[in-house]
Amino acid sequence: MSSNRLRKPAKANLTRDIEFEDNALLPPLFGEHDQNLLRIEQQLGVVLASRGNHLQITGTADSITVAAAVLEALYQRLVRGLEVGDADVDAAVRLARQSGGEAAELVYSEETEIITRKRRLSPRSPGQAAYVRAMRSSPLVFGVGPAGTGKTYLAVAVAVSRLVEGEVERIILSRPAVEAGERLGFLPGDMMDKVDPYLRPLYDALYDMLPAEQVVSRLTSGEIEIAPLAFMRGRTLSNAFVILDEAQNTTPVQMKMFLTRMGENSQMVVTGDLSQIDLPPGHPSGLRDSVDILAKLDEVAFVQFTAADVVRHSLVTKIVQAYDAASGDAETDLFPRG
């Protein structure tokens, strides 16, 4: 396992040697044909050379610090039995860059690890880590920010984890049936046929967390329920983990109705993107309204995601930043406390 690529980074005037205790973890750390090391080199402008359980990093002082933090974070993933793939390398690089090499340990920790029947997940950004910690400690959590930040996916993961551990008796996933100006009345089928396409992302997340036969059996038994927001009226949701997705498309009346469904031993997570409101012109968003009304309640946790938390294709981050810049909404603080 030797890496001897003849490339020199710009301003490569320093070297640092790091040692890994468990040689057995080095092949998955370095990747097949050292592809993980190559990925780190390309993104950080360093040169990595491995000899035994030692790895030499050559580059500028700042790039060496970041690269060392990336490698340590990925190594700790492997120590805890998690995999390391391209997305994990990219996430570790992003985290270490944002923090100057200090955030990786805070994100990749047992405190924020989520274990489901099919997957073990760790946050891939500081915003995601804060979000998971909030869901572990607060009965009502708002996750607000752009697409691709994992708001819904992580909420479903935590919900499944709590269901599997017996901490809740059921999961209820809901969305308002409003999307991009389309009208349900023009779609074929009965009411559930009409709304099913809008709920599909929630099904997709479930199938990532549980074996298919368990998803089907739990949906049949009512342990997991996926329904449009209109079906929540008049109910009291006890002993449940309840997720309202795409909440920017609720009205203030709908949001109040949903939040007041909370029953004993229940937790609610509300997710949305205030830059993608599909309500008719002149109709205020219930998500924006609730942020203003509930911001000072100590029992309510608010997590604001930014383009820095986008964990999809790297181009998505640039797209979000470009739209934010065009609209003048970049990095505005939605949740001032005080």
Side-chain angles (χ1 to χ4, degrees), residues 25 28 73-92 107-125 127-141 143 148-175 192 196-227 237-246 263 265-271 303 309 311-312:
L25 297 180
L74 296 175
Y75 180 77
Q76 290 303 320
R77 281 184 62 86
L78 294 167
V79 167
R80 295 198 306 279
L82 299 171
E83 297 179 352
V84 170
D86 290 351
D88 302 303
V89 174
D90 293 346
V107 173
Y108 295 117
S109 68
E110 291 184 4
E111 177 194 3
T112 56
E113 188 172 293
I114 307 167
I115 300 174
T116 69
R117 289 284 164 85
K118 285 182 67 175
R119 306 194 63 184
R120 296 176 65 183
L121 306 171
S122 288
R124 291 179 173 175
S125 75
Q128 287 193 349
Y131 188 47
V132 173
R133 285 192 291 267
M135 288 189 285
R136 293 267 167 83
S137 60
S138 299
L140 176 57
V141 178
T149 51
K151 303 182 297 296
T152 304
Y153 196 78
L154 287 174
V156 172
V158 172
V160 169
S161 176
R162 292 199 64 193
L163 180 67
V164 169
E165 292 298 320
E167 296 174 2
V168 295
E169 295 177 357
R170 54 185 174 153
I171 298 172
I172 299 172
L173 309 174
S174 186
R175 272 186 162 194
M192 285 310 298
D196 190 67
Y198 300 104
L199 303 172
R200 181 53 52 185
L202 301 175
Y203 285 101
D204 291 342
L206 280 175
Y207 279 103
D208 266 3
M209 308 300 166
L210 290 169
E213 64 275 9
Q214 285 198 26
V215 174
V216 173
S217 65
R218 291 175 188 267
L219 284 168
T220 302
S221 69
E223 284 184 90
I224 300 176
E225 178 183 350
I226 303 179
L237 308 176
S238 301
N239 300 306
F241 195 108
V242 190
I243 300 171
L244 176 59
D245 192 32
E246 298 289 346
N265 190 39
S266 284
Q267 180 173 13
M268 285 186 165
V269 177
V270 178
T271 72
V303 179
D309 297 302
V311 294
R312 292 181 186 166

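Residues: numbered from 1 along the sequence shown. On a predicted model such as this, the values are computed, not experimentally measured, just so you know.
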Heavy atoms only: give me the nearest Pro211-Arg117 pair and the separation to one decimal. CD-CB, 3.8 Å
Under 3.5 Å, is there a donor on one side chain and an acceptor on the other for Thr149 and Asp309? no
Within a strict 4.5 Å, meaning less than it, do heavy atoms of the Leu154 and Val269 side chains meet? no
At what distance, to the nearest 0.5 angstrom, does CD1 of Ile243 lie from CE of Met268? 11.0 Å
Write down the atom of Gly143, the atom of Tyr131, and the distance for their closest heavy-atom approach. CA-CE1, 3.9 Å
Taken in chain and number order and not counting sequence neighbours, the residues that satisfy side chain to side chain donor-acceptor pair (under 3.5 Å) with Arg162 are Glu167, Gln267
Is the closest side-chain heavy-atom distance between Val89 and Val84 below 4.5 Å? yes
Please step through side chain to side chain contact (heavy atoms under 4.5 Å, CB included) for the pair Leu210 and Val164, ending with a clear verdict. CA-CA 10 Å; Leu210 290 169; Val164 169; 4.2 Å; yes
Separation between CG (Leu219) and CG (Leu173), nearest 0.5 Å, reads 8.5 Å
Is the shortest heavy-atom distance from the side chain of Pro201 to the side chain of Arg175 under 4.5 Å? yes
Quick one: does Ile114's side chain get under 4.5 Å of Arg136's, heavy atoms only? yes
Nearest 0.5 Å please: distance from the OG1 atom of Thr116 over to the CD atom of Glu165. 10.5 Å
Could you give the distance from CE (Met209) to OG (Ser161), rounded to the nearest 0.5 Å? 10.0 Å
Got a second to check how far Thr152's OG1 is from Asp204's CG, nearest 0.5 Å? 11.5 Å
Which residues share a side chain to side chain donor-acceptor pair (under 3.5 Å) with Tyr153, sequence neighbours left out: Arg119, Asp208
Which pair of non-hydrogen atoms, one from Asp88 and one from Glu83, has the smallest distance, and what is that distance? OD2-O, 3.5 Å
Nearest heavy-atom neighbours spanning Val215 and Leu206: CG2-O, 3.8 Å
So which atom in Ser174 and which in Ala227 form the shortest heavy-atom distance, rounded to 0.1 Å? OG-O, 2.9 Å
Sort out for me which residue in Leu163, Val168, Asn265 forms a side chain to side chain contact (heavy atoms under 4.5 Å, CB included) with Phe241. Val168
What's the shortest heavy-atom distance between Leu237 and Arg170, and which atoms? CA-NH2, 3.8 Å
Which distance, rounded to the nearest 0.5 Å, do you find between the CD1 of Ile115 and the CG of Leu121? 9.5 Å
